[in-house]
Amino acid sequence: MPSAAPARYDAVARTLHWALGAALLAQMSFGFLLDELAPRNTPARAAVINLHKSCGLVLLLLIVLRLAWRLRHRAPPWPAAMPAWQRRAAGLGHGALYACMLLLPAAGYVASNFSKHGIKFFGRPLPPWGPDWPAAYAFFNGMHDVLGWSLAVLVAGHVAMAAKHAWIDRDGIVERMAFGRGAR
Ligand code: HEM
Ligand code: HEM
């Protein structure tokens with residue numbers, strides 16, 4: 001169970017936030033650019049898709065670690081002046097970010113197991129545990145697609161809110177997640 005409330009996020013939470021944040025932005029860009037990098041029905045397609053799948057599975061593991069860490073460590077308390085509705089909105093936004101972060105790669109992983117192509121994890125074949133079932137593949141692939149766009153929208157809102165706290169409210173919220181001298 002979480003213990004006493006700290007003044008800012010601990011070093012592990014901050015490291016995971018920034019490392020995973022950067023990696024997720026890269027992986028999202030990779031996903032949206034797949035068709036430009038390797039158009040469908042070209043020889044390069046399989047290798048590029050499998051690289052995306054492999055990186056996505058590594059990210060899924062890191063996301064699970066991040067969530068497990070977060071569930072065992074309390075977030076710092078909000079500044080006293082922050083209105084209750086803003087605290088609720090921030091909590092909901094963070095919850096939605098975690099849900100999307102987790103479900104997005106999970107949907108991609110499940111989709112790949114309903115396709116005869118399966119996954120080549122950095123060159124090593126992971127045989128699919130499901131049948132080659134186009135309808136199930138299309139369903140989970142569609143989920144992966146919708147969640148990819150949802151995460152992009154949530155991250156845009158999250159970064160905009162962080163900028164507002166840093167430059168308009170100047171209420172110390174961003175310092176809770178910062179490294180170095182600016183951090184509390
Ligand atoms: C956190 C990790 C991941 C992120 C952020 C991510 C993001 C994306 C995005 C943004 C797209 C483009 C969607 C679109 O154009 O509408 C995409 C496509 C795709 N992703 Fe992922 N992905 C992740 C993990 C995975 C995993 C683990 C797999 C499978 C094991 C996977 C398989 C695919 C495939 C096959 C496509 C192409 C779908 C198509 O064009 O039909 N992704 N991904
Ligand atoms: C430039 C990019 C980013 C900035 C400036 C930023 C900033 C912040 C800040 C300041 C907090 C702490 C808020 C608080 O005090 O409670 C935070 C928390 C959080 N951020 Fe980001 N972030 C960025 C990118 C991302 C990305 C890409 C993701 C995930 C896709 C993400 C997910 C989260 C989550 C889930 C939390 C809640 C932490 C928790 O309470 O467990 N962030 N972010």
**Prompt:** Between CD1 of I168 and CE of M161, what distance do you get to the nearest 0.5 Å?
**Reply:** 9.0 Å
**Set of residues satisfying side chain to side chain contact (heavy atoms under 4.5 Å, CB included) with respect to L154, sequence neighbours excluded** = A96, L97, C100
**Request:** Sorted by first residue and then second, give each salt bridge (charged side-chain N to carboxylate O under 4.0 Å, His left out) pair with at least one member in residues 114-143; sequence neighbours left out.
**Result:** none
**Asked** Say you draw a straight line from CG of L151 to CG of L103; how long is it, rounded to the nearest 0.5 Å?
**Response** 10.5 Å
**Message:** Any non-hydrogen side-chain atom of M101 less than 4.5 Å from a side-chain atom of L67?
**Reply:** no
**Prompt:** Honestly curious: do V174 and F179 fall in one hydrophobic cluster under the side-chain, below-4.5 Å linking rule?
**Reply:** no
**Item:** All side chain to side chain contact (heavy atoms under 4.5 Å, CB included) counterparts of F139, not counting sequence neighbours
**Value:** M143
**Prompt:** Ignoring hydrogens and geometry, is there a side-chain-to-backbone donor-acceptor pair from W18 to A13 under 3.5 Å?
**Reply:** no
**Request:** For the residue pair R14 and R176, establish whether any side-chain heavy-atom pair is separated by less than 4.5 Å.
**Result:** no
**Nearest heavy atoms of P127 and N113, plus distance in Å** = O-OD1, 4.2 Å
**Message:** With a 4.5 Å cut-off on side-chain heavy-atom distances among I, L, V, M, F, W and Y, is there a chain of contacts connecting L104 to L25?
**Reply:** yes
**Message:** For the OH atom of Y137 and the OG atom of S112, what is their distance to the nearest 0.5 Å?
**Reply:** 6.0 Å
**Partner set under ring-ring contact (aromatic ring centres under 6.0 Å, His included) for W69, not counting sequence neighbours** = H73
**Request:** Kindly write out the residues that satisfy ring-ring contact (aromatic ring centres under 6.0 Å, His included) with F32, not counting sequence neighbours, or none if the list is empty.
**Result:** W149
**Item:** Shared hydrophobic cluster for W133 and L126 (ILVMFWY, side-chain gaps under 4.5 Å)
**Value:** yes
**Request:** Please confirm whether R70 makes a cation-pi placement over Y98, using NZ or CZ under 6.0 Å from the six-membered ring centre and within 45° of the ring normal.
**Result:** no
**Request:** Taking side chain to side chain contact (heavy atoms under 4.5 Å, CB included) as the test, write out the residues that go with P43, two or more places apart.
**Result:** none
**Prompt:** At their closest point, which heavy atom of T15 faces which heavy atom of A11, and how far apart are they?
**Reply:** OG1-O, 2.7 Å
**Asked** Does a side-chain heavy-atom distance below 4.5 Å link P76 with Y9?
**Response** yes
**Asked** How far apart are the closest heavy atoms of I173 and P79, and which atoms are they?
**Response** CD1-CD, 3.6 Å
**Asked** Which pairs count as salt bridge (charged side-chain N to carboxylate O under 4.0 Å, His left out) when at least one residue sits in residues 27-45, sequence neighbours excluded?
**Response** D35-R40, D35-R45
**Message:** Suppose the criterion is ring pair (Phe, Tyr, Trp, His ring centres under 6.0 Å): which pairs have a residue in residues 34-63, not counting sequence neighbours?
**Reply:** F30-H52
**Request:** Tell me, please, which residues at least two apart from Y109 pass side chain to side chain donor-acceptor pair (under 3.5 Å).
**Result:** W129
**Message:** A side-chain contact here means heavy atoms from C-beta on lying under 4.5 Å apart; do F122 and L51 qualify?
**Reply:** yes
**Message:** Strictly by side-chain hydrogen bond (donor to acceptor under 3.5 Å, both in side chains), give each pair with a member in residues 78-88 just once, sequence neighbours left out.
**Reply:** none
**Message:** For a 4.5 angstrom cut-off between non-hydrogen side-chain atoms, does S54 reach L57?
**Reply:** no
**Results of side chain to side chain contact (heavy atoms under 4.5 Å, CB included) for V146 - residues two or more places apart only** = S150
**Request:** Could you name each residue pair satisfying side-chain hydrogen bond (donor to acceptor under 3.5 Å, both in side chains) that touches residues 153-166, not counting sequence neighbours?
**Result:** K164-D169, H165-D169, H165-D171
**Message:** I'd like to know if L71 and V12 are part of one continuous hydrophobic network [Ile/Leu/Val/Met/Phe/Trp/Tyr, side-chain heavy atoms within less than 4.5 Å].
**Reply:** no
**Item:** 4.5 Å side-chain heavy-atom contact, L59 and P105
**Value:** no
**Item:** Stepwise side chain to side chain contact (heavy atoms under 4.5 Å, CB included) check, I63 with L24
**Value:** CA-CA 10 Å; I63 290 160; L24 277 168; 4.3 Å; yes
**Message:** With clusters defined by side-chain heavy atoms of hydrophobic residues (ILVMFWY) lying less than 4.5 Å apart, directly or transitively, does L60 cluster with V58?
**Reply:** yes
